[in-house]
2 protein chains.
Amino acid sequence: MNEDVKDLNLSVVKAFTLLDAFTMDKQEWGVRELAIKKGYNKSTTYRLLNTLESLGVLQKNDNDKYLLGLKLFELGNLVAIHKTLRKYSRTPLENIAREIKETVHFGVLDKNQVLYLNKTESPQGLKVSTQIGSYQKAYCTAIGKVLLAFLPEQKIAEYLKVVSLDACTENTITNPETLQKELQKIRAQEYALDMEELELGLICIAMPVYNNRGEVIASISVSGPSSRFKLENIESYISIIKKGAQAIEANMH
Amino acid sequence: MNEDVKDLNLSVVKAFTLLDAFTMDKQEWGVRELAIKKGYNKSTTYRLLNTLESLGVLQKNDNDKYLLGLKLFELGNLVAIHKTLRKYSRTPLENIAREIKETVHFGVLDKNQVLYLNKTESPQGLKVSTQIGSYQKAYCTAIGKVLLAFLPEQKIAEYLKVVSLDACTENTITNPETLQKELQKIRAQEYALDMEELELGLICIAMPVYNNRGEVIASISVSGPSSRFKLENIESYISIIKKGAQAIEANMH
DNA sequence: AAACAGTGTTTCATATAATGAAACGTTTTA
DNA sequence: TAAAACGTTTCATTATATGAAACACTGTTT
């Protein structure tokens with residue numbers, strides 16, 4: 001059941017493995033520390049970083065540390081996959097954020113995870129913020145649960161077989177049967193809640209976005225701190241999000 | 001005066017050279033055609049593409065052609081350079097676009113060229129559209145001329161020494177002295193016009209964005225077809241763009 | 001001022017891994 | 001049915017990526 005043993009170009013694999021070390025939490029790397037982190041030889045790492053720099057894939061900052069470079073910005077903006085979804089979700093997300101005054105996210109399911117395609121941040125100081133292009137566990141996010149809920153039954157079973165439902169907080173649904181019931185509820189009510197299941201203090205509500213064949217292709221969520229996010233507002237949130245979802249659907253057709 | 005002869009990892013260089021073939025105009029590539037295009041051996045190209053696919057840097061579409069993959073979307077969104085400018089320009093650009101109803105661009109100078117960091121497209125059917133992350137000649141765009149105009153004198157001289165002012169249209173300024181005078185005028189009036197200098201039928205107006213030390217760090221432009229873009233509207237455009245520029249400046253501080 | 005940890009960088013012999021021509025499948029076109 | 005595309009695999013050859021060690025540079029400590 002393993003991947004075919006392809007003969008990959010190891011230098012290229014290493015280069016991208018190095019790039020994967022650059023995250024929001026750690027944006028800068030020196031030669032030595034990155035070599036240690038990845039278990040590569042110092043010289044090899046030096047030469048790879050040097051090569052990537054000469055290509056504009058990395059660049060050095062004032063402290064001679066490496067940063068992700070503008071070549072990646074350029075290439076990232078050329079990615080065609082989900083481009084129309086990203087483009088047509090922008091304005092509707094902004095409208096939702098303006099009305100609700102909380103952060104709005106937009107994502108799809110990719111490799112059993114939520115892939116965030118777009119967001120508009122809350123104008124408020126205390127706010128949730130997710131990195132566009134990043135991935136998150138599906139089973140403990142509102143967006144993810146919506147996207148799972150509207151998957152074909154067989155795909156859900158497959159998901160539950162492959163993914164282990166590790167607890168992120170005490171509220172995370174870690175039992176497959178409980179999750180199945182939750183997904184059923186979500187299908188019925190057409191929205192999902194995340195009641196601090198991913199992170200304590202963080203509440204989200206998400207709703208589906210359909211294509212013209214009635215299939216769910218994406219999901220919109222609104223996220224806020226539990227201190228502000230009152231359940232009595234849900235009905236109003238739902239109608240605002242629904243309006244946004246319909247705007248995206250209209251744009252796509 | 002040449003670069004030091006660095007010893008680069010040739011596989012990595014080749015991999016990114018292949019990636020550079022993926023553009024807006026040509027988003028899909030097969031093994032053979034890309035090998036021919038880049039002058040690489042068929043087998044080598046096959047293995048590199050295969051490697052990039054296994055890393056998520058490329059992916060195959062339904063026709064078994066390669067497309068830029070989501071790994072690049074992920075990495076592109078992690079690029080920290082100019083991130084705050086991109087973030088804080090978004091809403092102001094939208095407001096300008098809403099008022100003027102033409103496409104609004106936002107860019108900086110990078111390696112003697114305009115790098116587009118953000119845009120909001122005109123709601124109208126006939127519109128200009130530039131790829132975010134792409135580069136354009138500075139001397140024949142309104143944004144570029146603004147950014148050049150506010151460069152230190154010495155840098156302008158350097159630019160004129162390095163860059164050859166090739167004509168894009170019959171209106172392109174191809175004479176260095178003429179361009180110097182144009183830049184002087186731009187400094188005085190605090191805006192630049194592109195009167196079909198890059199492309200026939202395309203008119204733009206651009207204004208500077210300052211940092212808190214009074215240096216020009218970016219520029220906003222409004223672009224439209226010459227059929228709609230009337231010079232008598234310039235005064236009104238200027239005040240709207242100026243308001244947007246000030247909004248970005250306020251956001252940045 | 002000297003020794004000492006930190007860095008990044010270069011060297012060079014060695015082994016590994018990338019290479020390409022050719023042969024092989026597979027699909028599409030004539 | 002043949003032919004012409006294409007992607008894929010093979011294998012001997014060659015090139016190049018590799019890593020230990022030495023080197024250079026910087027800032028800190030003694």
Side-chain angles (χ1 to χ4, degrees), chain A residues 1-22 25-69 71 80-81, chain B residues 1-23 25-69 80-81:
Chain A
M1 272 298 156
N2 218 329
E3 284 275 304
D4 331 26
V5 184
K6 295 177 181 170
D7 75 301
L8 304 177
N9 184 305
L10 298 182
S11 296
V12 174
V13 172
K14 272 181 206 156
F16 277 95
T17 307
L18 291 181
L19 291 179
D20 272 334
F22 293 80
D25 298 331
K26 181 100 175 85
Q27 306 189 346
E28 303 183 347
W29 287 93
V31 174
R32 259 183 155 85
E33 54 171 347
L34 189 48
I36 291 165
K37 158 88 179 182
K38 291 295 179 181
Y40 296 159
N41 183 282
K42 200 159 44 93
S43 304
T44 302
T45 306
Y46 168 74
R47 281 182 290 240
L48 285 171
L49 291 177
N50 206 12
T51 302
L52 291 169
E53 187 199 4
S54 82
L55 293 164
V57 175
L58 292 175
Q59 69 181 63
K60 280 185 183 166
N61 70 3
D62 305 329
N63 313 320
D64 268 323
K65 300 281 180 195
Y66 288 96
L67 290 175
L68 294 182
K71 172 57 80 181
I81 302 156
Chain B
M1 273 296 159
N2 217 329
E3 284 276 302
D4 332 27
V5 184
K6 295 176 182 170
D7 75 303
L8 305 176
N9 184 303
L10 298 184
S11 296
V12 174
V13 172
K14 271 181 208 156
F16 277 95
T17 307
L18 291 181
L19 291 179
D20 272 335
F22 293 80
T23 61
D25 297 330
K26 181 100 175 88
Q27 304 190 348
E28 303 183 346
W29 286 93
V31 174
R32 256 182 157 88
E33 54 172 347
L34 189 48
I36 291 166
K37 159 88 179 183
K38 291 295 179 182
Y40 295 160
N41 184 283
K42 200 161 44 99
S43 305
T44 303
T45 306
Y46 167 75
R47 281 181 290 241
L48 286 171
L49 292 178
N50 205 12
T51 302
L52 290 169
E53 187 199 2
S54 83
L55 293 164
V57 175
L58 292 176
Q59 68 181 65
K60 280 186 183 164
N61 70 4
D62 306 327
N63 313 320
D64 268 322
K65 299 282 180 193
Y66 289 96
L67 290 176
L68 295 182
I81 302 156

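Computed over heavy atoms, backbone and side chain alike; hydrogens, waters and symmetry mates excluded. Just so it is clear: chains get the letters A, B, ... in the order the sequence lines come, proteins before strands, and each one is counted from 1. Everything quoted here is computed from the prediction, not taken from an experiment.
The salt bridge (Lys or Arg N to Asp or Glu O under 4.0 Å) test applied to B/D64 returns no partner, not counting sequence neighbours. In this view, A/N41 and A/S43, A/T44 satisfy the side chain to side chain contact (heavy atoms under 4.5 Å, CB included) rule, not counting sequence neighbours. Considering only residues two or more places apart in sequence or on other chains, A/D25 meets the side chain to side chain contact (heavy atoms under 4.5 Å, CB included) condition with A/T23. Annotation: salt bridge (Lys or Arg N to Asp or Glu O under 4.0 Å) contacts of B/K26 (sequence neighbours excluded): B/E33. Under the side chain to side chain contact (heavy atoms under 4.5 Å, CB included) criterion, A/A80 pairs with B/Q27, not counting sequence neighbours. Qualifying salt bridge (Lys or Arg N to Asp or Glu O under 4.0 Å) partners for A/K38, counting only residues two or more places apart in sequence or in other chains: none.
Remark: P of D/dT18 and CG of A/N50 are 13 Å apart, rounded to the nearest angstrom. Rounded to an integer number of Å, the gap from B/E33 CD to D/dA5 C1' is 12 Å. One atom, CG of A/N63, and another, P of C/dG6, lie 19 Å apart when rounded to the nearest Å. Note: OH (A/Y46) to P (D/dA24) measures 15 Å, nearest angstrom.
Among the heavy atoms of the strands lying under 4.0 Å from B/L8 are primed sugar atoms or P, OP1, OP2 only; no base atom is included.
Using a 4.5 Å cut-off on side-chain heavy atoms (C-beta onward), B/L34 and B/F22 make contact.
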(message) Strictly under 4.0 angstrom, non-hydrogen atoms only: write out the protein contact profile of nucleotides 19-27 of chain C, one letter per nucleotide from the 5' end, B, S or -.
(response) BBBBB----
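Summary for the helix from C/dA1-D/dT30 to C/dA30-D/dT1: the axes at its two ends, each from 5 pairs, differ by 30° when rounded to the nearest 10 degrees.
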Please list, one pair per line, the donor and acceptor atoms closer than 3.5 Å that link side chains of residues 46-58 of chain A to other protein atoms, with sequence neighbours excluded.
unit_1, atom_1, unit_2, atom_2, d
A/T51, OG1, A/R47, O, 2.8
A/T51, OG1, B/N9, N, 2.9
A/S54, OG, A/T51, O, 2.9

